[in-house]
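Order of the sequence lines sets the chain letters (A, B, ...), proteins ahead of strands, with each chain counted from 1. Just so you know, these numbers come straight off a predicted model, no measurement behind them.
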Number of protein chains: 2
Amino acid sequence: MTISRSISATVSLMAKQLTEKQFLKNYNVHDFDVPLVTVDMAIFTVKEGKLQVLVVKRAQHPAKGKWALPGGFVDMTLDKTLNDTAYRKLKEKTGVDTSYLEQVESFGGAGRDPRGWSVTVAYLALISSDDIVLSKDESSEDVTWVPIEDMGEKVELAFDHDAVLKACHGRLKGKVQYTSLPVNLLPADFTLTELQKTFEIILDKSVEKKSFRRRILDADILEETGEMKTGSNRPAKLYRVKPEGESHFFARSLEGPR
Amino acid sequence: MTISRSISATVSLMAKQLTEKQFLKNYNVHDFDVPLVTVDMAIFTVKEGKLQVLVVKRAQHPAKGKWALPGGFVDMTLDKTLNDTAYRKLKEKTGVDTSYLEQVESFGGAGRDPRGWSVTVAYLALISSDDIVLSKDESSEDVTWVPIEDMGEKVELAFDHDAVLKACHGRLKGKVQYTSLPVNLLPADFTLTELQKTFEIILDKSVEKKSFRRRILDADILEETGEMKTGSNRPAKLYRVKPEGESHFFARSLEGPR
DNA sequence: CCACATAGTGGCAATAAGCCACCATGTGGT
DNA sequence: ACCACATGGTGGCTTATTGCCACTATGTGG
């Protein structure tokens, strides 16, 4: 039984605690109020023509001062489910309380956090950049958007958050191939061209205009607002997502050029 | 370090322990060896023309005597990752140590287990019924296969395992639409008709023969063994999965008849 | 008032699935 | 030995969906 710790005062307590836990486990008795589980999330938005992720500078040890995905411990007094934790964290960091949210994968192991065996449940969130109200001052945390292409070189993540992010990014790219997910990255009203651009940014490749429009329109998930987006050149029809038309699955994936 | 204590004697310790944990959490110090996390799995096989799931009769409280999905606590002394736990559990229950294994979803909440807030990481496993060596006596647990269609009426699951199973079954059905997953439910060598039947059993609908064969063969994931399956009527070519041809994704989903 | 950029469409080619009839080749009964 | 039968396997057309690309439509701004 190895216990390495800097806080010497707790060492003796820990030893006893470990055996108590072991004992309790053997008798199938558990009623702890602090599950050793965290939720970490990859919150995506499209800003300045780039897919960006929200990262937070850690204010506490371990990895103090390093960038990490937003997240934290499940709070059993506040959260009834894991989803509650995810929504709470999303709200804390972005001010957004309704958005696309999806559980992606859980990462657990002895090596991923210096504090020992831990589990994190990774979530994917998509929000419109319009909705963001970054609460920089609120918790005096440094919060910022980083283009996904800059991750790894310009910004390095603590713990195994690079793997967590990779899983979330992979899920996003995968789903975009055969669903209408990207509508969740746009404001309520948008043009088809804006939607197509969003697809292209996520897939990092161009999409054929006619095919794209047919696909989306035939799916019958959008409705015209009646308004037009005016600005430069020919105005474009504005669309919004039909009620309950949120997540449509297509029979074929969005292919690239032959 | 002795672990000899009666359950009643631990009650008072429980209160202190909670505060110790709270203390530790506040200082971001965690080094417990018993994460309050379980892994539960839906182990599928196809037997007697039916998709079946492995269930275990619980030998201990809570839900003693009720059926449940196989699973259990992460053992930090044995498991380096969550996948290790899953593989260990799979081996314990079926004797199989290599098979298709995939993490599906995590379920966490205050209400899912009477012992309190808990998290389970659900896994999906596919094994060939040939490989099974049920270890009934080993842990004196009652272990049995149940056709998925009998779940709910003939067999009820403890905790929220019905939801866990539903998620795993849903994942399986979803993936079978556009991958070659079912090869993992067959023995090493099989005929195309056997593979097609497996698809049909999982999807619970018939699949067009020619379309199916084209799809699989064009994907170039199988190779002929050179042997023929003889038995009744015209013998059929035997195939096996090419090395690294395990999980092929198709551009289009497997549709039913129009 | 005209060039231009962007919105939106027509129509055919290419791809992959559905459909179904037909041929191939064993086993087993007489 | 032979033939009915069940199952394996294929040819070839139809249908559905996407790719392709040129062409038309309609505003803005000089």
Whole-Å distance between dA7(C) P and Phe190(A) CZ? 14 Å

Spacing of Lys229(B) atom NZ relative to dT27(C) atom C1', expressed in whole Å: 15 Å

Taking the six-membered ring for Trp, are Phe249(B) and Tyr178(B) closer than 6.0 Å centroid to centroid? yes

Provide, to the nearest angstrom, the distance between the CD atom belonging to Gln196(B) and the P atom belonging to dG18(C). 11 Å

Would you please confirm or rule out a distance under 4.0 Å between OP1 or OP2 of dC19(C) and any side-chain N or O of Ser211(B)? no

Once you round it to whole Å, what is the distance between P of dA22(D) and CD of Glu208(A)? 11 Å

Pick out which of Lys89(A), Arg88(A), Lys91(A) makes a salt bridge (charged side-chain N to carboxylate O under 4.0 Å, His left out) with Asp97(A). Lys91(A)

Separation of atom CD1 in Ile216(A) from atom P in dT9(C), rounded to whole Å: 14 Å

Looking only at side chains, do Tyr87(A) and Asp79(A) share a donor and an acceptor under 3.5 Å apart? no

CG of Leu195(B) to CG of Leu222(B), rounded to nearest 0.5 Å, is 6.5 Å

Asp218(A) CG to dA16(D) C1', straight-line distance once rounded to whole Å: 11 Å

Each nucleotide in nucleotides 3-8 of chain D should get exactly one letter: B, S or -. Can you fill that in based on protein heavy atoms under 4.0 Å? ---BBB

Side chain of Arg252(A), base of dT17(D): donor and acceptor closer than 3.5 Å? yes

Between Lys229(A) and Glu194(A), is the salt bridge (charged side-chain N to carboxylate O under 4.0 Å, His left out) condition met? List the steps. CA-CA 11 Å; Lys229(A) 170 138 187 174; Glu194(A) 288 168 349; 2.6 Å; yes

To the nearest angstrom, how far is Leu254(A) atom CG from dC20(D) atom P? 12 Å

Side chain of Lys210(A) - closest among dT17(D), dC21(D), dT28(D): dC21(D)

Considering heavy-atom distances to DNA chain D, does Met228(A) or Arg214(A) have its closest nucleotide positioned more toward the 5' end? Arg214(A)

Ring-plane angle category for Phe159(B) and His161(B), please: parallel below 30°, perpendicular beyond 60°, tilted otherwise. tilted

Protein-nucleotide distance (Asp220(B), atom CG; dA16(C), atom P), rounded to Å: 14 Å

Distance alone, cut at 3.5 Å: any donor-acceptor contact between the side chains of Thr120(B) and Asp40(B)? yes

